*Asks:* 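Sharing a structure below in structure tokens format, with a few things to ask.
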Amino acid sequence: MVDVDPVTREEALALCEELNRHNHRYYVLDNPTIPDAEYDRLMQRLQRIESQYPSLKTADSPTQRVGGEPLASFKPVAHEVPMLSLDNAFSDDELLDFNRRVTEWLKLSGSLEYACEPKLDGVAVSLLYRDGVLIRGATRGDGAAGEDITENVRTINSIPLKLQTNSPPHLLEVRGEIYLPRAGFEKLNTEARTLGEKLFVNPRNAAAGSLRQLDSKITASRSLEMAAYSLGRIEGLVQPETHSETLELLRRWGFLINPHVEVTADIDGCLSYYRKMVDIRDQLPCDIDGIVYKVNNLYLQQRLGFVARAPRWAIARKFPAQEEITLLKEVEFQVGRTGAVTPVARLEPVFVGGVTVSNATLHNQDEVARLGIKVGDTVIVRRAGDVIPQIVSVVLEKRPVNARDIVFPDHCPICHSPVERVEGEVVTRCSGGLICSAQRKEAIKHYASRKAMDIEGLGDKLVEQLVDQELVHSVEDLYRLQIEQLEGLERMGKKSAQNLLASLDTSKETTFPHFLYALGIREVGEATARSLAQHFGSLALLCSSTREDLLEVTDVGPIVAHFIHEFFQQTDNLDVIKRLKEAGVHWPDIMPQDRQLLPLSGQTWVLTGAMDTMGRAEAKERLQQLGAKVAGSVSAKTSCVVFGADAGSKLKKAKKLGVSVLNEAEFLAMLTANGLL
DNA sequence: TTGCCTCGAGATCA
DNA sequence: CTCGAGGCAA
């Protein structure tokens, strides 16, 4: 290693610090104090020193922002604290409902403070700082794991490479939105136009595209920004008491915080904040697609906790979806994995809400009837929740004389088996089962999908070919595929075939919940698969479970229990599972031990009467967190009854049966003793 | 559902 | 070099 003289080392350090300071002034505060030329001169000086003495290059050096060598691929990274999405509200009423739910949960009598902020239209990211230095940037991915885009985030000038504090926390994960301001988007497209290249259709896609560049030099050339909005993992930090103070702290540490963040005293303030933002939306420097409201007090946030994939303490109020008029050209019927026959509208392409829409689902027969829609109609489409296009209504005045009724087929369009519609259900289903190639294809696609077995390289088109050529009838056939069978399929060369076989092999090593989800049992999605896996621990126990056993599982009711039970009664299904295991599919059983270790495992509790400091829903969740089951009525098997004010017959019965009882204060003390309050 | 990036396949040209 | 599949994000 080359020895560096102390004077040069000092100079490099000073330059680094000075440049970072100016960078912050320019990109975060929007208030530069030196001319650009001077900044460039300092930068060149630092670059010269660093190229002479590479050992002086630090992770937080501003020279690291220009982009380095292209990557071969993005590596996966796990989010220790999951990155959740937000529940949506589409009207004032839904927002008021949210406030009611929160107030009821917390049993608050007064009003509740909310932090309001614009929902920037970009890409969510996680930034990890160790001892104050940026060490990793990652995309949200599915919330549990994303991709490592460190090289790309480093190039974003409003992201501090080092926190502006002398006592940084040991570990800090900052979350926020990376977006492209409208000006940057216009600039980018103007350049693309002069070069005769393809234009980006909207700023969000341009931002997402810029972040997916393997060559960070390209990312560096785009004027991306990041606004921080929350924390993830933290170690060695005393958290502030409120969300707004957290943002203030992040601002001091050098992050860009959206200037329109406001704290309101109550939900009415949220409503007026929304109206204000709707008014100024068009004049903002960047696209926003709604408003995010968060309960400002972090202690209350913690008490509210989370539902499956979203916090109970926050909600996104969406702006009204944009609507456009277009023509319904045709309706086709698709057959899904469960045989559901879905009408799909083929539309005259129309630009709405930032994208061109040409397809939209019509869901089912009832929806078609409700809309009173015919082929040839002029219709109003909108993008609901910003993703799924929706047909809102028909413009009857424009109906042509030759408009055609939408007739549901009485036989499956694929396998021609009769369709059936069960009383009380809205879905029409193909009765063909495994005879139906559409159902088989969809089942295989589902099996291969990321949240299931995650077989990379096995996409829709390939599955279609494999089933059509009769190379694969059912999922177990996948593992018998030979390289010679694959080569010669469309867009399948030696390389692709090898890759597919390799990823089929990799996919054999899986987890119980993934496998369970992959089986495609009706009503068993990701969350239910996880609950089942957790509850039973092994496939053998799940297979031999009764309907009653299944009802014990969180979020499994009679209908879901029925489908699961039926699935494992059918020998065909059991055979498939057997052959998959023979083919080498395996997973570690889950020890349901952590359940047993919980303090209230195996107990059944009952709540009665109203408590002063906590809603019924919260009390129930707390008990479940401790491993207890919460039942509605008292019996000899009841472990304990918690009673509040105006407790009636249940308390009486408990006392008669000699079941132990707790009053509110005792209950709260019990929770506190178990670290829940 | 769409738009974007990346990769491999296959066509085209040298 | 161009095209389309696949993967990703909202």
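This one's a predicted model, so the numbers in the text were calculated from it and none came from an experiment. Protein chains get the first letters and strands the later ones, always in sequence-line order, with residue 1 at the start of each.
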*Asks:* Under 4.0 Å between any heavy atoms, over every strand shown, what does Ser85(A) touch: base, sugar-phosphate, or nothing? Just pick one.
*Replies:* nothing

*Asks:* Hey, where on DNA chain B does chain A first and last touch, going 5' to 3'? Cut-off is any atom under 4.0 Å from a heavy atom.
*Replies:* dT1(B) to dA9(B)

*Asks:* Counting any heavy atom closer than 4.0 Å, what does Thr139(A) reach on the DNA or RNA strands: base, sugar-phosphate only, or nothing?
*Replies:*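 Counting heavy atoms under 4.0 Å across all strands, the contact made by Thr139(A) is with sugar-phosphate only.
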
*Asks:* Let me know the distance between CG of Asp287(A) and P of dA10(C), rounded to the nearest Å.
*Replies:*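 Nearest whole value for this atom pair: 15 Å.
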
*Asks:* Grab the CD1-P distance between Ile149(A) and dA9(C) for me, whole Å please.
*Replies:*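 My rounded result for the distance is 9 Å.
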
*Asks:* What is the per-nucleotide protein-contact pattern of nucleotides 1-7 of chain C, from the 5' end, where B denotes a base atom under 4.0 Å from a protein heavy atom, S denotes such proximity for sugar-phosphate atoms only, and - denotes neither?
*Replies:* --BSSSS

*Asks:* Could you tell me whether Glu464(A) and Lys445(A) have a side-chain N and a carboxylate O separated by less than 4.0 Å?
*Replies:*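 Between Lys445(A) and Glu464(A) there is a salt bridge, with a charged N closer than 4.0 Å to a carboxylate O.
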
*Asks:* Can you tell me the distance, in whole Å, between the CG atom of Leu214(A) and the P atom of dC8(C)?
*Replies:*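 Taking atom P of dC8(C) as the reference, CG of Leu214(A) is at 13 Å.
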
*Asks:* Nearest whole angstrom, please: distance from the C1' of dA10(C) to the CE of Met83(A).
*Replies:*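 Spelled out: CE on Met83(A) to C1' on dA10(C) is 13 Å.
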
*Asks:* Lys198(A) near the nucleic acid: base, sugar-phosphate alone, or nothing, with a heavy-atom cut-off under 4.0 Å?
*Replies:*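 It contacts sugar-phosphate atoms only.
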
*Asks:* Rounded to the Å, how far apart are Leu180(A) CG and dA10(C) C1'?
*Replies:* 16 Å

*Asks:* Return the value, rounded to whole Å, for the distance between atom CG of Asp289(A) and atom P of dA10(C).
*Replies:* 10 Å

*Asks:* Just call it for Ala206(A): base, sugar-phosphate, or nothing, with non-hydrogen atoms closer than 4.0 Å on any strand.
*Replies:*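 Nothing: the residue Ala206(A), judged by heavy atoms under 4.0 Å, touches no strand.
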
*Asks:* Would you kindly compare Gln213(A) and Ser358(A) by the position of their nearest DNA chain B nucleotide and give the one closer to the 5′ end?
*Replies:* Ser358(A)

*Asks:* Any carboxylate oxygen within less than 4.0 angstrom of a Lys/Arg side-chain nitrogen, looking at Arg346(A) and Glu332(A)?
*Replies:*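 A salt bridge is present here (some side-chain N lies under 4.0 Å from a carboxylate O).
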
*Asks:* Assess whether a salt bridge exists between Glu367(A) and Arg370(A), defined as any Lys/Arg side-chain N lying under 4.0 Å from an Asp/Glu carboxylate O.
*Replies:*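 Yes.
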
*Asks:* What is the distance, to the nearest angstrom, from the CG atom on Asp142(A) to the C1' atom on dA9(C)?
*Replies:*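 Whole-Å distance recorded here is 12 Å.
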
*Asks:* If the threshold is 4.0 Å, N to carboxylate O, is there a salt bridge linking Arg193(A) and Glu197(A)?
*Replies:*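 Looking at Glu197(A) together with Arg193(A), the answer is no, because their closest N to O distance does not fall below 4.0 Å.
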
*Asks:* Between Tyr114(A) and Tyr273(A), is the ring centroid distance below 6.0 Å?
*Replies:*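 No - the distance between ring centres of Tyr114(A) and Tyr273(A) does not fall below the 6.0 Å cut-off.
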
*Asks:* Should the pair Arg383(A)-Glu323(A) be classified as a salt bridge under the 4.0 Å nitrogen-to-oxygen rule?
*Replies:*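 No, no charged N to carboxylate O under 4.0 Å.
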
*Asks:* What is the distance from CG of Asn205(A) to P of dA9(C), rounded to the nearest Å?
*Replies:* 13 Å

*Asks:* Determine, using ring centers only, whether Tyr274(A) and Phe319(A) are less than 6.0 Å apart.
*Replies:*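 Aromatic pair counts; centres sit under 6.0 Å.
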
*Asks:* Which is true for Ala345(A) with a 4.0 Å heavy-atom rule: it touches a base, it touches only sugar-phosphate, or it touches nothing?
*Replies:* nothing

*Asks:* Are Asp287(A) and Arg182(A) ion-paired here, with the side-chain N under 4.0 Å from a carboxylate O?
*Replies:*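 Judged by the 4.0 Å cut-off on N to carboxylate O distance, Asp287(A) and Arg182(A) do form a salt bridge.
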
*Asks:* Who passes side chain to side chain donor-acceptor pair (under 3.5 Å) against Asp468(A), sequence neighbours left out?
*Replies:*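 Lys441(A).
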
